Structure formats: structure tokens, C-alpha cells
Amino acid sequence: MKPIRFFRHIACEGPGYLGAILERLQWPYEVVCIDDGHAVPTAFDDVAGLVFMGGSMSVNDPLPWINDEIDLIQRAHQAGVPMLGVCLGSQLLTKALGGTVSKGSSGQEIGWHPLHWVNGASGIRALTDLPDEPLAFHWHGDTFSLPPGAELLLGSACYPHQAYACGKSLALQFHIEVTAEMVQEWVKLYAGDIAQGGVCNQAHAEISHNLETRIPALHRLADSLFEHWLAGLNEPPLKDR
């Protein structure tokens with residue numbers, strides 16, 4: 001079985017719960033640590049899929065590895081390789097596939113905000129059996145337009161574009177990978193973001209409130225979306241393993 005290749009752009013935003021899902025499914029995975037100076041691999045025929053994680057930088061920043069990842073995404077998309085982008089990763093997919101990434105008009109969206117399904121998302125919703133307004137964890141100030149051929153799946157009150165499917169790829173602006181420990185780490189590391197305030201920016205106490213309930217619900221969302229994506233990989237069906 002070919003592994004899943006993750007791209008980590010900052011130490012505190014690794015695979016998280018997505019790695020736990022793969023371990024439960026006994027699916028191998030590897031992590032390219034861009035933050036540790038790892039080079040972006042140019043090949044992709046040795047993996048089942050590519051996953052691009054988050055980071056505090058913008059895809060519009062002049063960082064050399066951003067162009068390397070965009071080039072990889074473009075070539076992998078043409079070859080039909082399934083890809084998943086989370087937060088910054090979704091913006092990398094967007095820019096590579098012909099969309100644009102810009103600052104959100106509502107300011108930063110930080111904390112726990114509900115999502116809503118948009119027209120045309122009934123197919124993936126039926127497959128994943130998700131609620132009408134799943135609660136997701138957010139930490140971003142940029143937004144994306146839809147690349148050509150993409151289907152919008154989810155939005156939020158603050159950011160209308162939260163998730164889309166494009167070919168075999170899935171882009172998620174929100175975070176499905178966080179654990180309670182990651183949330184507590186982020187509120188300390190990114191306290192400056194919280195201090196900026198704003199209508200879509202929750203305070204420290206609200207972000208950390210009721211994690212014992214919110215995190216399991218988020219992980220059910222992660223199970224549905226991630227396993228739906230995994231089922232589309234060029235590998236034997238999960239039920240056959």
C-alpha cells in the first residue's frame with residue numbers, strides 16, 4: 001500500500017488527528033517537514049495521495065518552497081493524484097489550480113464557528129452523513145476564490161468559501177485535524193491574533209471552552225471527510241483491508 005504524504009509548514013500544525021485516523025486504518029504515512037528545511041519532493045508516483053497542512057504564512061509570501069509546492073500540485077493534479085488541503089493547504093491548492101487567495105473582508109476567523117452546506121453539496125453530504133451545521137475550528141485571515149471546475153461544498157457566516165472539491169482533490173479552509181492539546185498550544189502561540197479582536201474572532205476563554213465535547217464532535221467530522229477522501233484514492237477500498 002502506498003503511503004499518504006503530508007506537508008508540514010510549521011511545527012505546531014502537523015497531521016494531528018488525521019495521523020491518528022491513518023494509524024487506526026493501518027495506512028502508512030510520511031511527513032515532509034518544510035519547517036525543518038526539508039526539500040519539496042518532485043515525484044508523486046510513490047504515494048497514494050498528498051496532504052498539505054496549515055501554517056501562519058500566506059501563499060502570497062515570497063517563500064521559495066511555496067512555488068515548489070504549487071508546481072508539485074499542478075503536476076499532480078494533471079496526473080490525477082488525489083490531494084487534500086487544510087487551511088494554508090487549501091489556499092495552496094487554490095492558487096495552483098487557478099483560483100486567487102486574498103485577505104478576508106470580515107477580518108480573522110478564529111475559534112469555533114458553524115458551517116453550512118451550499119447548493120450542489122448534496123452528494124458528499126449524503127456520503128459522509130454530516131449534520132446540517134457542523135461546528136468546525138477556524139484560524140485564518142485569508143480566503144480563496146473557486147478554481148475553474150471546482151464545486152463549493154461548505155461556507156460559514158464569516159467566510160462563504162470554506163470547502164470545495166476539484167477533481168479528486170478536497171480543499172478545507174477550516175481545521176479538522178486539531179486535538180485539544182493543539183488548540184491549547186495555538187491559543188498561547190498565537191495570542192497576538194486573538195488580541196486583534198473582531199466579529200469572527202473569539203476570545204481565549206471561548207476557544208478553550210467545552211473542548212471535551214467540541215473536540216470529539218470535530219473528530220467525527222474529520223472521520224467523515226477524511227475517510228471520504230481516502231475512499232477516492234487509487235488504492236483498494238477500505239473494506240477490503
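From a predicted model like this one, the values you see are computed outputs, not experimental measurements.
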> Side chains of Gln26 and Met1: does their closest heavy-atom pair fall under 4.5 Å?
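No - every pair of side-chain heavy atoms lies 4.5 Å or more apart.
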> Distance-only, no hydrogens or angles: does the Gln202 side chain make a donor-acceptor pair with backbone N or O of Trp112 under 3.5 Å?
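Side chain of Gln202 to backbone of Trp112: a pair is present.
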> Do Asp142 and Ser58 pass the side chain to side chain contact (heavy atoms under 4.5 Å, CB included) test, and can you show the C-alpha distance, the side-chain angles, and the key distance before you say yes or no?
CA-CA 8 Å; Asp142 287 351; Ser58 166; 3.4 Å; yes
> Kindly assign one of parallel, tilted or perpendicular to the pair His161 and Phe144, based on the angle between their ring planes and the thresholds 30° and 60°.
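Geometry flag for Phe144 against His161: parallel rings.
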> Taking all atoms of both residues into account, what is the closest heavy-atom pair of Gly111 and Ile207, and its distance?
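Closest approach of Gly111 to Ile207: CA-CG1, 4.0 Å.
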> Could you go through Tyr29 and Glu23, starting from their C-alpha distance and side-chain angles, then the distance that decides it, and tell me whether this counts as side chain to side chain contact (heavy atoms under 4.5 Å, CB included)?
CA-CA 9 Å; Tyr29 70 92; Glu23 290 167 6; 3.0 Å; yes
> Go through it in stages, so that I can follow the logic: the residues are Leu92 and Ile70, the test is side chain to side chain contact (heavy atoms under 4.5 Å, CB included), and I'd like the CA-CA distance, side-chain angles, deciding distance and then a yes or no.
CA-CA 6 Å; Leu92 285 162; Ile70 287 175; 4.2 Å; yes
> Do the side chains of Leu97 and Pro148 get nearer than 4.5 Å, heavy atoms only?
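Result no, sub-4.5 Å side-chain heavy-atom pair not found.
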> Return yes if some donor-acceptor pair links the side-chain N/O of Thr94 with the main-chain N/O of Gly99 below 3.5 Å, else return no.
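Such a contact is absent between Thr94 side chain and Gly99 backbone.
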> Starting at CG of Leu146, measure out to OG1 of Thr100 and round the result to the nearest 0.5 Å.
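Reported value, rounded in 0.5 Å steps: 9.5 Å.
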> Between CG of Asp223 and NE2 of His228, what distance do you get to the nearest 0.5 Å?
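Reported value, rounded in 0.5 Å steps: 14.0 Å.
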> Any side-chain heavy atom of Trp186 sitting closer than 4.5 Å to one from His175?
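Answer yes - side chains close enough.
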> Taking all heavy atoms of Val32 and all of Ala39, pick out the closest pair and write down the distance.
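Val32 and Ala39 have their closest heavy atoms at CG1-O, 3.7 Å.
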> Output the distance between atom CG (Leu88) and atom CG (Leu93), rounded to the nearest 0.5 Å.
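So the CG of Leu88 and the CG of Leu93 are separated by 10.0 Å.
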> Are the side chains of Gln184 and Ser208 in contact, using a 4.5 Å heavy-atom criterion?
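A side-chain contact under 4.5 Å exists here.
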> Would you check if the side chain of His219 reaches a backbone N or O of Val178 as a donor-acceptor pair within less than 3.5 Å?
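Checking the backbone N and O of Val178 against the side chain of His219, a donor-acceptor pair under 3.5 Å is found.
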> Report yes if the distance between the aromatic ring centroids of Tyr17 and Phe226 is under 6.0 Å, otherwise no.
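No.
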> Quick one: closest heavy-atom pair of Ala96 and Ile73, and the distance?
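Between these two residues, the closest heavy atoms are CB-CG2, 3.5 Å.
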> Could you check whether any side-chain heavy atom of Trp139 comes within less than 4.5 Å of a side-chain heavy atom of Ser56, counting everything from C-beta outward?
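Not touching, per the 4.5 Å side-chain cut-off.
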> Using atom types as modelled and distance alone, determine if a side-chain donor or acceptor of Trp27 lies under 3.5 Å from a backbone N or O of Lys2.
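The answer is yes, because a donor-acceptor pair under 3.5 Å joins these two groups.
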> Would you sort out whether His140 and Tyr159 count as a ring-ring contact (aromatic ring centres under 6.0 Å, His included), showing the intermediate values?
CA-CA 10 Å; His140 62 97; Tyr159 278 71; 4.4 Å; yes
> How close do Leu233 and Pro82 get, counting heavy atoms only, and between which atoms?
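Looks like CD2-CB, 3.3 Å.
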> Of all the heavy-atom pairs spanning Ile215 and Thr179, show the shortest one and how long it is.
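Smallest interatomic distance, heavy atoms only, reads CD1-C, 3.9 Å.
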> Taking all non-hydrogen atoms of both residues into account, name the closest pair between Pro160 and Cys158 and its distance.
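Here Pro160 and Cys158 meet closest at CD-O, 3.9 Å.
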> Do you know which of Gln162, His138, Glu109, Gln91 makes side-chain hydrogen bond (donor to acceptor under 3.5 Å, both in side chains) with Gln173?
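Result: among Gln162, His138, Glu109, Gln91, Gln91 is the only option passing the side-chain hydrogen bond (donor to acceptor under 3.5 Å, both in side chains) with Gln173.
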> Is there a side-chain contact between Ile34 and Val40 in this structure, where contact means two heavy atoms from C-beta onward sitting under 4.5 Å apart?
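When only atoms from C-beta onward are counted, Val40 and Ile34 do touch, with a gap below 4.5 Å.
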> Verify, without hydrogens or angle tests, whether Asn60 (side chain) and Val101 (backbone) share a donor-acceptor contact under 3.5 angstrom.
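Pair found, side chain donor or acceptor close to backbone of Val101.
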> Please report the interatomic distance CZ(Phe137) to CD1(Ile176), rounded to the nearest 0.5 Å.
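If we round to the nearest 0.5 Å, Phe137:CZ and Ile176:CD1 are 13.5 Å apart.
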> Any chance you could measure Met53, atom CE, to Cys12, atom SG, to the nearest 0.5 Å?
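Those atoms lie 10.5 Å apart.
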> Within a strict 4.5 Å, meaning less than it, do heavy atoms of the Leu135 and Leu218 side chains meet?
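In short, these two side chains do not touch, never coming nearer than 4.5 Å.
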> Using side chain to side chain contact (heavy atoms under 4.5 Å, CB included), reason through Ile4 and Leu84 one step at a time and then give a plain yes or no.
CA-CA 10 Å; Ile4 306 295; Leu84 173 67; over 6 Å; no
> Is Arg8 reaching over with its side chain to a backbone N or O of Pro15, donor-acceptor style, under 3.5 angstrom?
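Not confirmed, Arg8 side chain does not pair with Pro15 backbone.
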> Strictly under 6.0 Å, is that where the ring centroids of His9 and Trp65 end up?
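Distance test on ring centres: under 6.0 Å, yes.
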> Extract all donor-acceptor atom pairs below 3.5 Å that involve side chains of residues 44-52 and protein atoms in other chains or at least two apart in sequence.
{"from": "Asp46", "atom 1": "OD1", "to": "Arg5", "atom 2": "NH2", "distance (Å)": "3.4"}
{"from": "Asp46", "atom 1": "OD2", "to": "Arg5", "atom 2": "NH2", "distance (Å)": "2.8"}

> Between CG of Asp193 and CG of Asn201, what distance do you get to the nearest 0.5 Å?
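Those atoms lie 7.5 Å apart.
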> Should Lys95 and Glu69 count as an ion pair when the cut-off is N to O under 4.0 Å?
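No, Lys95 and Glu69 are not salt-bridged.
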> Ignoring hydrogens and angles, tell me if any N or O in the side chain of His113 forms a donor-acceptor pair with the backbone of Cys200 under 3.5 Å.
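Yes: the side chain of His113 pairs with the backbone of Cys200.
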> So do Phe174 and Leu154 actually touch side chain to side chain, heavy atoms under 4.5 Å?
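Result yes, sub-4.5 Å side-chain heavy-atom pair found.
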